[in-house]
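Below, all heavy atoms of this structure are taken into account, side chains as well, without hydrogens, waters or symmetry copies. Both ligands and their constituent atoms are indexed starting at 1 by order of listing. Positions are given from 1, in the same order as the sequence printed here. Since this is a predicted model, take the numbers as computed values, not measurements.
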Amino acid sequence: MNDTPKQETPFYDAVIMMIDDEPLVMDVLQTCLEEHNYRFFIKIEDSTSAVDAIFNERPDVVLLDLNMPNVDGFAILKALRENPETKFLSVIVLTSSNDSNTKLKALELGATDFLAKPVDRSELVLRIKNTLTVKAYQDQLAYYDTLTQLPNRKLFLDRLDWAIKCATRENGQVAVLNIAIDRFQQVNELLGTQAGDELLVEVSRRLLKSLRETDTISRGGPEAAWRNIARLSGDEFSILLTDLKSGGQIVAIAERLRTGLRDPFHIRQREIYITVSIGIALFPKDADTTDTLMKHAGAATAYAKEKGRDCYQFFSAEINAVAQQRMNVEHSLRRVLERNELDLYYQPKICAASGEVKGAEALLRWRHPQRGFIPPYEFIPVAEDSGMIIPIGEWVLRRACEQNVQWQQNGLRNLSMSVNVSAQQFRDNRFPAIVQKVLSDTGMDPELLILEITEGVLMGDRDRVGDLLFKIKTIGALLSIDDFGTGYSSLSYLKTFPIDELKIDRSFIIDTPADEDSAAIVRTIVAMARSLDLQVVAEGVEEEAQLQFLRELCCDQIQGYYFAKPMPAPEFELFCQQRALQHKKSGANRA
Ligand code: C2E
Ligand code: MG
Ligand code: MG
């Protein structure tokens, strides 16, 4: 069987509704259309029930008589056009009147086309065909994803809505499976977006194939699978399951979908392995509206991702609480800047050999009016997902630079300022211009600014990343790799890109020097940094033994609780003054 998604045949499967107070007229119309292979008809004689019937049956086209007792065609047309769900429904009006005023009125009310009574057979067939062709074209644009040809979010929501209505009537169940490709962004970054698009098309084919092989779906015929799947956005697909008998069925389908994606994809001569995280929500158990059901399925997917990806997850009260918490954080995060709730703490970076304070790392702190202190690991990922990290990051940069200038003026000369830059900020093309502007607005010496990025940021389009890094170098700021050793294995970027500093991740320092493996890794990183002429900083130093070990290796700088925790600006200034005094004293003693 061909797995390429194809469009529904619009014409002969079309549902044609006729609304006319004369049953005979409708019989004639039906006979004529049946001769042209149309199969699905709904005949409404009582015009008072017409609008309800349209909402329940959702015809593709309506043949509407204008002259009817009680509720006439005009009133029906008006009601349809006023409702967003039927605003664009194709309605061909039938009128025995040749009166141009009647036609004009129907046109004003939004009639799609006209047919004069008595109806000419060939004209009827032609008008129906034309109307359905236009509808099919409009549907294609409005309801299908151009890349995979699958139904889009709009159509999916429409079908889900419909499925929920049916399930409510029949006491049935509906399940939504929300499928997200794990680490899809990496494929885009490593191979480019076109390759990413090719992968999405292949994934949609495999999902369809797996769906066709499942009992629940295959009973509905070959088109059913295609009707039940949609691409919602980016790397996100959704599947709608109705007619469910047991939870076991859903698990079996989720497993089949995962298995179907297990073999490698061949994209641009490369083998790509992917996994997916699937979130599942059920009607009526988890939610009773389309919106909530979709939201809960999405929350379950996010939870599956956090749990380590490559799994499926049913929605639960616990997931709801996590999602709620995240939403609350996101909600209050939107106002964080205008409410002035952010603050920077500073942690000293200390010269391993002399003990002098060389610089500060600015670390973000959020004081929530109700919840109190919220740690960065809880809100920075949310700020990244919601895009809020861009304005927040700019605020951090500006505040840190202002503080540095202030300290220089207060006599803390040549103190560097390290600022963490998130991947999103860095990928934003405006980033170098923002750095430039902040430096010139605050008057900070560019060479004292160290921008900390993580290894992941450097992956992807080498030319683009290189271009950005060189722009930053031209401005004069320095670049540091934060959490070094926890990211990707390829180190070639250290040669190609203009990096100035490596910060060895705390996880390697924690077990040194006792643990031989950690000690060996730290030794290697320091030696490598030496030979590449990079500054090397050890993060998270808490103990004397760690400090001694790092001093022996000639690690340049130390940062960690051993010397000081991150602290507010005034305390940091005091800390620097005390250390400078100690340093002077110990120098005098030596002399
Ligand atoms: P990071 O940049 O690697 O910062 C070092 C983190 O390690 C800080 O945590 C610091 O308080 C902690 N730390 C330093 N020395 C020690 C030690 O001896 N022992 C232990 N246990 N921890 C130590 P913090 O302030 O909670 O920040 C966590 C992470 O949040 C940062 O890791 C950074 O990735 C991110 N972050 C903080 N501020 C910003 C910011 O302004 N922008 C962005 N994008 N990320 C930020
Ligand atoms: Mg950092
Ligand atoms: Mg770090």
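- Not a single protein heavy atom sits closer than 4.0 Å to atom 34 (O) of ligand 1.
- Shown here, atom 9 (O) of ligand 1 is out of close reach of the protein: none of its heavy atoms lies under 4.0 Å off.
- Here Ser422 has heavy atoms under 4.0 Å from ligand 1 in both its backbone and its side chain.
- Protein heavy atoms are found less than 4.0 angstrom from atom 3 (O) of ligand 1.
- Looking at Leu364 next to ligand 1, an N or O pair under 3.5 Å apart turns up.
- Checked against a 3.5 angstrom limit, the closest N/O atoms of Tyr562 and ligand 1 fall outside it.
- Among protein atoms, those of element N, O or S found less than 2.8 Å away from the Mg ion (ligand 2) are Glu361 OE2, Asn420 OD1, Glu452 OE1, Asp482 OD2.
- Contacts with ligand 1 closer than 4.0 Å are made by no heavy atom of Lys565, backbone or side chain.
- In summary, the atoms of ligand 1 found under 4.0 Å from a heavy atom of Pro566, numbered by their order in the structure, are 11 (O).
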Under 3.5 Å, which donor-acceptor pairs link side chains of residues 355-366 to any protein atom two or more places apart or in another chain?
unit_1 : atom_1 : unit_2 : atom_2 : d
Glu356 : OE1    : Ser354 : OG     : 3.1
Glu361 : OE1    : Lys503 : NZ     : 2.8
Glu361 : OE1    : Gln559 : NE2    : 2.8
Glu361 : OE2    : Asn420 : ND2    : 2.8
Trp366 : NE1    : Glu341 : OE1    : 2.9

Throw together a table of side-chain donor-acceptor distances under 3.5 angstrom for residues 264-272, partners on residues two or more places apart or in other chains.
unit_1 : atom_1 : unit_2 : atom_2 : d
Arg268 : NE     : Glu198 : OE2    : 3.2
Arg268 : NH2    : Gln194 : OE1    : 3.4
Arg268 : NH2    : Glu198 : OE2    : 2.7

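- Applying the ring pair (Phe, Tyr, Trp, His ring centres under 6.0 Å) rule to pairs touching residues 330-360 yields Tyr346-Trp407, sequence neighbours excluded.
- Under 4.0 Å from ligand 1, not a single heavy atom of Ile392 appears.
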